[in-house]
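Have a look at the structure below before the remarks.
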Amino acid sequence: MKLETLQKKSKDEFKEKGFPTKKHENWLYWTPDTDHETLEKSYYEKSDTITESEVVVIKNGSLQSKPTIAGLSITNDITQCSNESLQFNLESSSLSYLNSACSNEVITIRCSAEIKEPLTILITSDHSEESVTVNSKINIIVEENCTLTTSLYHQKQGSDTTLTNTSFELICKDNTNVNVNHIFKDNASKAFFNAIIHMNENSNCNHITYVANALLTRHDTNVTFYKEKATLNLKGVSVLAGEEQFYNHLTINHESKNCFCKQHFKTILDDKAIAEFSGLVYVAKGSHEVDSQQMNQILLFSDAARALSRPQLKIDADDVQCAHGSTIGQLNPEEVHYIKSRGLTESEAKALLTYGFAEEIIEEITDEKLKSELVIDIKDVVSKIKS
Amino acid sequence: MFEIKDLKASIEEKDILNGISLTIKPGEIHAIMGPNGSGKSTLAKVISGHPDFEDPEGDIQLDGKDILDLEPDQRANEGVFLAFQYPVDIPGVNNSEFLRMAYNAKQKYNNKPEIDPFDFDSLIKEKLTVLNMKEAFLSRPVNHGFSGGEKKRNEILQMLMLDPRVVVLDETDSGLDIDSLKQVSDAINHFKSENKMILIITHYQRLLNHIVPDIVHIMAEGKIIKSGDKSLALTLEDQGYDVFKEDKS
């Protein structure tokens with residue numbers, strides 16, 4: 001597909017759908033009403049040359065530098081996208097069409113080997129333009145029998161009025177092992193993230209997100225299981241304080257039988273922060289022996305914080321195991337007392353327990369360098385919780 | 001000296017402790033026995049500063065210093081240690097890290113420098129040996145996934161590491177098999193010294209076969225109704241609590 005074709009088709013789709021409004025079930029609690037103009041004003045700065053670096057750098061919507069690794073192809077040539085990606089019918093949010101319409105590069109990473117070292121991808125912007133949106137579009141395709149671990153750092157520098165609208169598409173082909181981590185932190189502006197994940201036969205994927213110190217983050221994740229024996233662990237931790245907001249929407253489509261999907265999200269809320277979780281698991285007719293487990297857990301530190309949790313199941317098949325649940329609560333005073341009785345102060349006790357709450361997810365990150373960074377970061381973040 | 005004077009505590013307007021007084025001199029081991037609901041565990045909680053009991057009346061003094069108004073962490077750093085009947089899990093924090101934090105909190109409270117990590121490592125390994133525990137225990141999250149016996153041994157490990165002046169053991173023997181009971185008892189006897197004060201709360205004489213108390217108290221309805229030497233525990237096991245309740249009346 002040519003870039004112009006993609007942009008035109010996406011623009012047409014977006015025109016038909018329009019910006020999300022509160023009439024859309026997935027946009028009940030927050031809509032970008034005041035951001036229409038900014039979202040349509042795209043900022044793109046083409047890199048003069050793609051240089052060699054240790055990590056992949058995507059700056060202002062353009063591939064700026066990349067490493068040379070045997071078995072990995074990293075390009076901004078849209079013709080390198082396979083027919084399996086860029087599937088319009090899977091886009092769950094109209095903002096993802098807007099991303100496709102506005103993106104000037106489709107960055108494709110194709111893995112055709114067993115890559116042992118984690119691949120770091122830095123998605124950033126550093127311009128000083130006011131009230132514009134940086135659109136980044138990234139596709140990762142893991143070929144049959146291949147392995148990849150990658151960590152994507154979603155960063156933003158420059159003006160606080162700049163929005164980011166990022167689309168991420170992951171194709172796990174047959175017999176693949178894939179670990180993907182997304183880190184959204186230190187962002188004083190609004191960030192929109194649209195993820196599409198394709199699971200094929202015997203593919204195994206761990207997909208973890210971490211959100212902290214981010215003003216407003218909206219995630220729309222759409223997963224489809226096409227073939228049997230695929231396993232996906234979709235997990236995340238978010239720590240919100242002040243007036244930060246995180247809207248996390250999942251749609252899991254089980255189109256094939258005998259697949260496993262675990263969704264486990266943990267959120268820590270303080271001050272006037274808001275977190276919304278909406279997770280729909282759909283098991284299509286004939287998709288027997290599906291095991292899909294969903295859990296959303298929220299730790300509240302403030303009476304003024306708000307948590308909205310909507311786990312949903314839609315099952316059209318027999319012989320499936322599906323469960324969903326949600327917990328919202330505070331730290332157990334018995335646990336706080338136990339730690340205090342060992343000489344630690346109240347705030348130290350709360351920080352320890354809060355870290356313990358999140359650790360279950362952090363522990364599953366296979367990129368050891370990232371895990372170490374996040375352990376330090378989350379300990380620092382939770383130690384600042386005031387309530 | 002550890003002194004409790006006319007201690008009263010209630011919860012939701014229900015009186016639980018109705019004037020407990022006892023004095024433990026350095027080097028002494030006291031045991032408190034009593035039927036269910038007599039207030040034994042409440043006494044342990046009030047000593048530790050549990051938030052459920054906000055305004056207990058009376059005095060608790062350690063070496064003449066009133067600790068009843070102190071926060072639980074301050075009491076701990078003054079040298080009071082409660083081995084919990086039901087130790088809580090702290091997922092995500094390994095035992096060694098937690099103990100180091102607790103150890104250094106006490107050092108800081110007493111205006112002492114933090115312990116050198118290598119010295120801490122040597123110290124904790126020495127204490128593990130006392131309890132016949134494996135080093136792998138240290139890398140596990142605090143009490144998370146532990147068996148009942150492991151949790152109780154972990155409490156004793158914490159006690160050995162933090163080296164408190166006053167120890168309250170709240171039914172430490174419950175959930176322990178015969179071998180674990182002996183190991184835990186040996187560790188407590190190892191810890192015992194002429195400047196330590198130990199208060200054992202138990203239902204069973206069997207623990208007192210391993211750790212011999214100087215004084216045994218019988219508690220009922222939030223009060224100590226009788227005190228005596230170690231033979232009192234044997235009498236109690238033989239005759240039950242009713243005899244003593246009748247004596248009181």
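Any value given below was found using the heavy atoms of this structure, including those in side chains, with hydrogens, waters and symmetry copies removed. We name chains A, B, ... by the order of the sequence lines, and we start the count at 1 in each one.
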Inset, instruction - List the steps, then state whether side-chain contact (heavy atoms from CB on, under 4.5 Å) holds for K45(B) with H337(A). - result: CA-CA 10 Å; K45(B) 285 181 175 178; H337(A) 174 65; 5.8 Å; no

Legend entry - Contact leader toward chain A among P51(B), P164(B), P141(B), P91(B), where contacts are heavy-atom pairs under 4.5 Å: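 It is P91(B).
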
Inset, instruction - Go through the atoms of N94(B) and report whether side chain, backbone, both or neither lie under 4.5 Å from a heavy atom of chain A. - result: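 For N94(B), no heavy atom lies under 4.5 Å from chain A.
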
Legend entry - Contacting region of N104(B) [heavy-atom separation from chain A under 4.5 Å]: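 Contact with chain A is absent: no heavy atom of N104(B) under 4.5 Å.
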
Legend entry - Carboxylate-amine/guanidinium contact K379(A) E97(B), below 4.0 Å: yes

Got a sec: does the [atom1] of [X] have more than 12 other heavy atoms crowding it under 6.0 Å?
X	atom1	answer
R306(A)	CZ	no
E243(A)	CD	no
K106(B)	NZ	yes
D116(B)	CG	yes
Y86(B)	OH	no
K371(A)	NZ	yes

Which heavy-atom pair separates [X] from [Y] by the least distance, and what is that distance?
X	Y	answer
L353(A)	I90(B)	CD2-CG2, 4.0 Å
G343(A)	A105(B)	O-CB, 3.3 Å
S341(A)	F84(B)	OG-CE1, 3.3 Å

Atom [atom1] of [X] and atom [atom2] of [Y]: how far apart are they, to the nearest 0.5 Å?
X	Y	atom1	atom2	answer
Q74(B)	T345(A)	CD	OG1	10.0 Å
K340(A)	E71(B)	NZ	CD	4.0 Å
L82(B)	Y338(A)	CG	OH	9.0 Å

Legend entry - D52(B) vs E334(A) side-chain heavy atoms within contact, under 4.5 Å: yes

Inset, instruction - Answer whether the closest heavy-atom distance between the side chains of N332(A) and V88(B) falls below 4.5 Å. - result: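 N332(A) vs V88(B): side chains apart.
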
Legend entry - Verdict with reasoning, Y103(B) to R342(A), per side-chain contact (heavy atoms from CB on, under 4.5 Å): CA-CA 8 Å; Y103(B) 190 96; R342(A) 297 300 181 251; over 6 Å; no

Inset, instruction - For each of A358(A), G356(A), P333(A), tally heavy-atom pairs with chain B at distances under 4.5 Å, and name the one with the top tally. - result: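 Among the listed options, the one with the most contacts to chain B is G356(A).
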
Inset, instruction - With side-chain contact (heavy atoms from CB on, under 4.5 Å) as the test, would you mind laying out the steps for L352(A) and M101(B) before giving the verdict? - result: CA-CA 10 Å; L352(A) 260 187; M101(B) 289 170 79; 4.0 Å; yes

Inset, instruction - Let me know if E335(A) has heavy atoms under 4.5 Å from chain B in its side chain, its backbone, both or neither. - result: both

